[in-house]
Amino acid sequence: MTLIKSISGIRGIIDKSLDSTMVAKYVQAFSNISPHGKILLARDTRNSGKDYIQTAIIALEQINRKSIVVDIVPTPTAQFEVYSKRYAGGIVFTASHNPSDWNGLKFIGPDGTFINQETFNRLENEFENLSNIEVLNFLDKKTIYKNESADAINAHLFNIENLSIINKNKIKKNNFKVVVDCANGATSIALPLILKNLGCDVVKINSNYSQDFGRSPEPTPKNLNHLCSKVIETKSDIGFATDPDGDRLSIVDNKGKALGEEITLAFSIFYVLKYFKEFRNAPIVTNLSTSLTSEKIASKYNTPFFRSSVGEINVVNMMQEKCSLIGGEGNGGVILTESHLGRDSLVGAAIMLNLMSNESQSVNNLFNMIPKFYIEKSTINITDDYSIYLEKLKDSHSNDNINQDDGLKIIRQDEWVHIRKSNTEPILRIIAESKSVERSKELIEKIKNEIK
């Protein structure tokens with residue numbers, strides 16, 4: 001059965017490719033490679049996560065490691081808590097935007113960031129060296145634990161509300177009406193709460209803790225029809241949607257149009273560069289598959305712009321290297337260094353409300369103020385070594401600007417195509433962006449024809 005392993009963590013189908021024995025072994029393996037101190041345990045709203053936390057507590061007790069349980073909290077809250085409380089590390093039981101019959105483990109290092117490839121390789125080696133027999137001896141035990149989710153959420157929200165770039169009093173004066181769709185996931189308490197703290201009138205859909213997400217869990221435009229119609233019905237100023245573990249934020253404008261996940265980071269960059277000159281002196285960092293929209297905004301303010309390989313930790317590593325103040329990924333993930341180095345939907349929501357307050361403009365009008373580019377995505381199945389395809393494309397596009405940091409990216413004026421191997425399937429992902437949907441689709445088809 002499918003088990004996905006990458007620097008983004010472990011994901012599998014519950015009781016098929018992922019079971020309690022595997023969870024216990026990974027928990028102990030992570031403990032063995034972590035410094036001294038408590039390990040934080042968190043989860044999204046999948047029912048299996050409750051059992052996995054029980055397994056994790058006992059697994060850690062067996063090797064004399066103490067744990068702290070924050071239970072259901074957004075992944076960025078877990079990251080913030082590990083960083084701010086100086087824990088030895090953290091494990092979040094989540095499969096992010098995968099369906100509810102999946103679950104997984106995300107591993108947080110003592111600095112509050114996801115572990116890098118080198119640490120993940122150490123984790124895998126430690127996992128392989130552990131015995132199943134020893135783990136099986138304690139899997140049926142249960143324990144009572146203190147749930148510290150409320151304290152963790154409140155600490156995280158207090159941090160966000162008091163960031164130097166957030167003027168909560170100015171936001172409160174607008175009394176924004178906001179519809180939220182949390183996919184019944186880990187932001188179902190935290191997102192409405194921070195909005196209410198900022199003086200918003202909140203309308204909730206799919207915002208009760210449940211492994212029935214109420215919609216397809218990825219917050220892409222095609223999955224947000226209910227949110228779009230609710231914004232229109234309630235005459236709201238904006239709609240926010242998150243994925244089940246809360247590191248991604250999508251925006252629906254006041255006319256009920258889903259703007260796409262890329263716009264969240266673009267709006268955030270626009271806000272900080274326009275209103276905070278110190279941000280113009282530090283580079284912006286995104287990944288290679290993130291929209292040109294953010295890059296064009298940075299260019300307008302003469303701000304350096306860098307791109308990393310795809311993956312949150314890759315963006316974070318480059319942000320640290322370049323001393324970046326803000327960065328992220330085009331999937332709706334905003335990373336603000338002042339808060340913590342992780343994608344954070346709650347930070348993104350606060351920034352968006354402050355942008356609306358400062359501009360005194362509707363979201364639809366704000367959207368019309370920023371550059372427009374259109375991303376299309378596709379895949380092709382591969383059976384051979386994928387590097388053969390990349391070399392072929394490199395040769396045929398020798399006159400183009402080529403980036404090979406992560407697969408192959410062909411870069412031209414106002415358009416690009418990124419071809420990279422999937423980390424989880426025998427496919428090549430093809431992503432194209434240009435000034436029109438038609439052109440982006442054309443770019444993808446040209447690449448497919450060249451590979452054949």
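All residue numbers refer to positions in the sequence shown, counting from 1. Keep in mind it's a predicted model, so treat the numbers as computed, not measured.
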Pair D245, T75: side-chain N/O donor-acceptor within cut-off below 3.5 Å: yes
So do the side chains of D243 and P217 get within less than 4.5 Å of each other, counting heavy atoms only? no
Return the minimal non-hydrogen interatomic distance between G256 and I232, and the atom names on each side. CA-CG1, 3.8 Å
Distance col, row L273:CG vs E278:CD, nearest 0.5 angstrom, shows 10.0 Å
If we only count heavy atoms from C-beta on, is the F176 to I238 side-chain gap below 4.5 Å? no
Show me, pair by pair, the donor-acceptor contacts under 3.5 angstrom made by side chains of residues 372-379, not counting sequence neighbours?
unit_1 : atom_1 : unit_2 : atom_2 : d
K372   : NZ     : F367   : O      : 2.3
K372   : NZ     : I370   : O      : 2.7
S378   : OG     : K448   : NZ     : 2.7

S434-S440 side chain donor-acceptor pair, cut-off 3.5 Å: yes
Flag for D405-S309: side-chain donor and acceptor within less than 3.5 Å: no
Sorted by chain and residue number, the salt bridge (charged side-chain N to carboxylate O under 4.0 Å, His left out) partners of E438 (sequence neighbours excluded) come out as none
Validation row, ring centre F127 to ring centre F30 under 6.0 Å: no
For the ring pair Y83 and H340, is the centre-to-centre distance below 6.0 Å? no
Just by distance, with hydrogens left out, do S294 and T286 show a side-chain donor and acceptor under 3.5 Å apart? no
Strictly by modelled atom types, are H156 and D344 linked by a side-chain donor-acceptor pair under 3.5 Å? yes
Any sub-3.5 Å donor-acceptor pair from T303's side-chain atoms to Y301's backbone N or O? yes
For the residue pair Y52 and F93, categorise the inter-ring angle as parallel (less than 30°), tilted (30 to 60°) or perpendicular (more than 60°). tilted
Could you grab the distance from atom CG of L224 to atom CD of E261, nearest 0.5 Å is fine? 8.0 Å
Validation row: S362, K255 side chains within 4.5 angstrom (heavy atoms): no
Which heavy atom of T55 sits nearest a heavy atom of S20, and at what distance? CG2-O, 3.7 Å
By the definition side-chain hydrogen bond (donor to acceptor under 3.5 Å, both in side chains), identify the one residue from Q79, K106, H97 that meets it with D247. K106
Heavy atoms only: give me the nearest G49-R43 pair and the separation to one decimal. C-CD, 3.4 Å
I'd like to check L346 versus T77 (side-chain heavy atoms, cut-off strictly below 4.5 Å). Are they in contact? yes
By side chain to side chain donor-acceptor pair (under 3.5 Å), E359 pairs with (sequence neighbours left out) K274, Y275
So N331 and E218, do their side chains get closer than 4.5 Å, heavy atoms only? no
Which heavy atom of C200 sits nearest a heavy atom of L353, and at what distance? SG-CD1, 3.8 Å
When you check the gap from the basic side-chain N to the acidic O, do K446 and E442 get nearer than 4.0 Å? yes
Salt bridge K435-D414, side-chain N to carboxylate O under 4.0 Å: no
CA sep, side-chain torsions, deciding dist, call: S48, D51, side chain to side chain donor-acceptor pair (under 3.5 Å): CA-CA 5 Å; S48 57; D51 294 331; over 6 Å; no
For K230, is there an ion pair with D181 - N to carboxylate O distance below 4.0 angstrom? no
Only residue of I189, T187, N208, I205 satisfying side chain to side chain contact (heavy atoms under 4.5 Å, CB included) with C182 is T187
When rounded to the nearest 0.5 Å, the distance separating CD of Q320 from OG1 of T113 is 6.0 Å
If you apply the rule side chain to side chain donor-acceptor pair (under 3.5 Å), what do you find for N121 with Q117, and how did you get there? CA-CA 6 Å; N121 292 341; Q117 187 64 58; 3.0 Å; yes
Candidate pair S210 and N184, rule side chain to side chain donor-acceptor pair (under 3.5 Å), full reasoning: CA-CA 5 Å; S210 172; N184 290 328; 4.8 Å; no
State, with a plain yes or no, whether a side-chain heavy atom of L443 is found less than 4.5 Å away from one of W416. no
Closest approach of S291 and R307, non-hydrogen atoms and distance? O-NH2, 3.4 Å
Side-chain donor or acceptor of T337 paired with backbone N/O of S324 under 3.5 Å: yes
Any heavy-atom pair between the side chains of H226 and R215 that's under 4.5 Å? no
Quick one: does E262's side chain get under 4.5 Å of T293's, heavy atoms only? no
Derivation and outcome, side chain to side chain donor-acceptor pair (under 3.5 Å), residues S357 and N354: CA-CA 5 Å; S357 299; N354 226 144; 4.8 Å; no
Shortest non-hydrogen contact from L3 to S17? CD1-O, 3.5 Å
